Structure formats: C-alpha cells, structure tokens
Amino acid sequence: MVTNSTGFFDKPNDSDCENCKLYTRVNSPKMIPFGNFKRGIMNIGEAPGITEDQKGRPWQGVTGKLLSRTYRSLGIDLFEDCININAVCCHPTDDNGFNRTPSGKEIMHCHHKVFENIQKYKPKVIVLFGASALSSVVGSRWKNDLGSISKWRGFTIPDQDLKAWICPTYHPSFVSREDAMIVNNIWEDDLKEAIKLVDIPIPENTNPRINYIEDLSILSNIKSELITIDYETTGLKPQAPGHRILCAAIAIDKNTAYTFMIPPTKQLRYPLLKLLENPTIGKIAHNIKFEDRWSETRLYQTVNNWKFDTMLASHILDNRQGVTGLKFQTYVNFGVVDYASEVSPFLKAKNASDGNALNKLPELIQKPDGTHLLLTYCAWDAIWEYRLAMKQMELIGYDLPF
Ligand code: SF4
C-alpha cells in the first residue's frame with residue numbers, strides 16, 4: 001500500500017507518436033537526450049524551441065544560455081554534468097510555424113519516453129523546469145489536482161518510484177521574462193538546493209507494523225508520550241443525522257499503528273475513550289478540529305492533551321495555498337506519490353454541494369476486502385502523520401518530549 005502508481009515505466013508505444021504526430025512536421029523528430037551526465041543530474045524542460053529544433057539539441061536558445069550561465073555560477077556544467085531532455089521531444093508549433101506550449105495530450109503522449117529515459121539513466125536528481133515537466137513526471141502519477149509550478153517549486157522530493165530527488169522549479173523562460181530580482185533569486189536558490197542533493201541518497205521508508213484489532217483492550221497498554229489519531233467517517237461534519245465514525249487508527253511511533261472498526265457498544269469502545277481522555281498522552285492529528293469534533297459529537301468523549309497539528313505546522317512551514325493536505329505532504333516529504341487511490345473514490349460525498357452529505361465509505365465496507373482496505377488506509381494516514389509530525393517538530397524547533 002506504500003505506492004499504487006504503476007505503469008509509468010511502460011515502454012513507449014509507437015501509437016503514442018502516431019496519435020501525437022508532432023514528429024511529422026519538425027527538423028529534429030523525437031529529439032534524443034543530450035549531455036555527458038557526469039554529476040547524475042537530469043534536467044527536464046518543456047519542449048524544443050525553434051533553435052533547438054534546428055540544432056537537434058536541448059537548451060540552445062536564449063533560455064538555454066541563461067540556464068547554462070546560472071548552472072556555471074553554481075559549479076555545474078549544463079552539458080558535461082547533466083543529461084538534458086524535454087517533457088515533449090518534438091518542437092510544438094502553431095499553424096503559422098511559431099513556438100507554442102505543448103498541449104496536455106502531447107505531454108501525455110510523450111511521457112513514456114521521459115520515464116524510459118529516467119529508467120535508462122537513473123539520475124540522482126531530476127530538475128523539473130516548469131509546468132510541462134511537472135505535469136509529465138508528477139502529474140502522470142498524481143491523483144489529485146496538480147496545481148501550478150508555483151505550488152511545487154522549491155520542494156526536494158525523495159521520489160520512491162523513481163529513486164531520485166525530484167526538484168521542481170520555474171522554467172528559465174519564465175525567469176528571463178520576469179524583471180523581478182526576487183524570481184531570479186528564488187530560481188537560483190531552488191537550483192542550489194537541487195545540486196546539494198547529488199551526493200545524498202534518497203531516504204527509504206520502512207514498512208510499518210499495522211495491527212488490525214477487534215478487541216481494543218490493547219490500547220490500555222499504550223505508554224507513548226505522543227500518538228496520532230485518525231478517523232474515517234461517513235462525512236465531513238458529525239452533527240447531521242446518520243453520520244458515524246467508521247474506523248480509527250492510532251500510531252504510537254513512526255512504525256507502529258493499531259487500526260480498528262469502531263465497536264458498536266460503549267463498553268467495547270471503553271479503551272479508546274480512556275486513551276482519548278488520558279491527559280498524560282499527547283495527541284497529534286492532521287487538522288485537529290476534525291478528530292476533536294467527531295470525538296465530542298459521536299463518541300461523547302473530550303480529547304485531552306492535543307499537542308500538535310501537522311496541517312497547521314505545514315502551513316507554518318510553507319504558507320502557499322494547496323500544500324497542507326496530508327497526501328501532498330506525504331509526497332513532498334517522503335516521496336510516496338499515492339497510497340490512497342483505492343479508497344479515494346469512496347471518500348467523495350454523494351452530493352458534493354451538501355456539507356452534511358454522506359460519502360461512499362459505507363459502500364466500500366460492504367465490498368469483499370473493503371473493510372481491510374479502509375483500515376489499512378486509515379493506518380497509513382496515522383503513520384504518515386506521525387512521521388510528518390516528527391519531521392516538522394525538528395524543523396520548527398518544537399520541544400520534543402524525548
Ligand atoms: S512529441 Fe513525443 S510522442 Fe509526440 S511525436 Fe514527438 S516523440 Fe512522439
């Protein structure tokens with residue numbers, strides 16, 4: 001369940017090019033990678049421009065010169081130290097023969113070639129220059145709204161599928177168009193951070209122990225100073241009639257979680273209620289108010305000693321819009337692009353405009369293996385929250401209790 005992203009290393013198919021057809025009207029069809037790759041950096045741009053198409057190599061025009069100059073100032077030779085490719089291998093033109101941005105379809109037609117090159121060269125660091133490169137390498141595996149390059153730039157992602165650091169940043173053509181020094185400085189800083197990672201292997205994630213329990217009495221033995229709590233519920237708000245907490249997961253450290261369906265009686269739920277009530281155990285959640293409200297409203301239990309909110313901490317560490325969700329934080333911090341796609345369709349409300357609407361999780365648990373899927377998903381949420389909390393506490397300088 002660590003990752004469900006499959007198929008990205010499928011071989012390029014001749015039909016991709018036949019459907020795309022860009023290769024039929026250019027000087028340099030299906031441009032091949034260029035560079036001696038001595039430092040293991042792969043640069044992925046958008047597409048060949050007119051100069052690149054004439055010369056048959058990437059980064060030959062004005063923006064290529066800006067990139068080459070900037071890399072040189074940081075100790076990197078663009079063509080000696082890197083391998084250079086584009087999200088789209090053929091020069092896209094409009095009806096008048098002028099440069100144009102490649103379409104989403106062209107990017108998707110060509111993305112198997114991009115992944116084929118990643119698999120062939122095995123880069124240590126992949127720098128994604130601009131939205132098209134981001135769309136090819138991340139968007140083809142990302143299940144949620146991708147958003148703009150501004151949302152992603154600056155993150156250094158230890159991508160577990162690609163076994164490389166993914167470093168999105170602005171395309172040099174954007175930097176050259178912007179007068180503001182600040183854009184130039186941000187871009188240089190992004191490149192500096194990417195270069196630093198060349199000699200650092202990506203950290204690998206260990207598989208946690210997920211304990212699927214029916215009898216909750218083991219929760220009474222928890223002695224951890226911090227735990228994360230995650231609920232899967234029938235909707236967003238607990239007050240509407242018919243809503244309930246379906247299951248919960250408690251992570252007691254980075255590698256251990258208990259996950260269980262909420263028992264039908266108060267007596268059977270008692271160890272959970274005592275754990276929530278226990279003032280000596282600090283509680284963590286991703287958006288505390290969600291678990292807090294559902295505990296109060298549906299379990300009739302106040303949670304004592306909330307310690308840390310990983311969603312709030314994400315916002316403190318980076319106040320850009322769209323970066324605080326747990327799935328996004330899991331990918332940018334731990335490189336797991338997808339651990340939720342089997343469950344995500346069931347999390348959507350039947351009526352999206354109604355805040356009190358039921359979602360489809362009750363349908364999921366009626367399916368063979370549906371309960372196991374939901375419990376596993378909930379446990380992973382709790383584990384990622386724990387790992388994220390530990391990382392954020394260190395970054396923020398939070399006083400760790402151990
Ligand atoms: S852009 Fe890519 S998919 Fe399209 S024709 Fe060229 S090589 Fe083939």
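Sequential numbering from 1 along the given sequence is applied to the chain's residues. These numbers come from a predicted model, not from an experiment. Both ligands and their constituent atoms are indexed starting at 1 by order of listing.
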[atom]: the protein heavy-atom neighbour that sits closest, reported with distance to 0.1 Å:
atom                    : answer
atom 2 (Fe) of ligand 1 : Cys110 SG, 2.4 Å
atom 8 (Fe) of ligand 1 : Cys17 SG, 2.3 Å
atom 6 (Fe) of ligand 1 : Cys90 SG, 2.3 Å

Considering only heavy atoms of [X], which atoms of ligand 1 have at least one such atom less than 4.0 Å away?
X      : value
Lys113 : 7 (S)
Tyr23  : 5 (S)
Val88  : 1 (S)

N, O or S from His109 under 2.8 Å to atom 2 (Fe) of ligand 1: no
Contact summary for Gly242 and Leu358, nearest pair of heavy atoms: O-CD2, 4.1 Å
Nearest heavy atoms of Leu219 and Leu275, plus distance in Å: O-CD1, 4.2 Å
N/O/S from Cys89 sitting under 2.8 Å away from atom 8 (Fe) of ligand 1: no
Whether Cys20 has an N, O or S atom under 2.8 Å from atom 6 (Fe) of ligand 1: no
Aromatic contact, Phe37 with Tyr121 (centres under 6.0 Å): yes
Pair Phe129 and Tyr170, ring centroids less than 6.0 Å apart: no
Under 3.5 Å donor-acceptor, Asn117 side chain and Lys113 backbone: yes
Donor on one side chain, acceptor on other, Ser344 and Tyr377, under 3.5 Å: no
NZ/NE/NH1/NH2 to OD/OE distance under 4.0 Å, Asp94 and Arg100: no
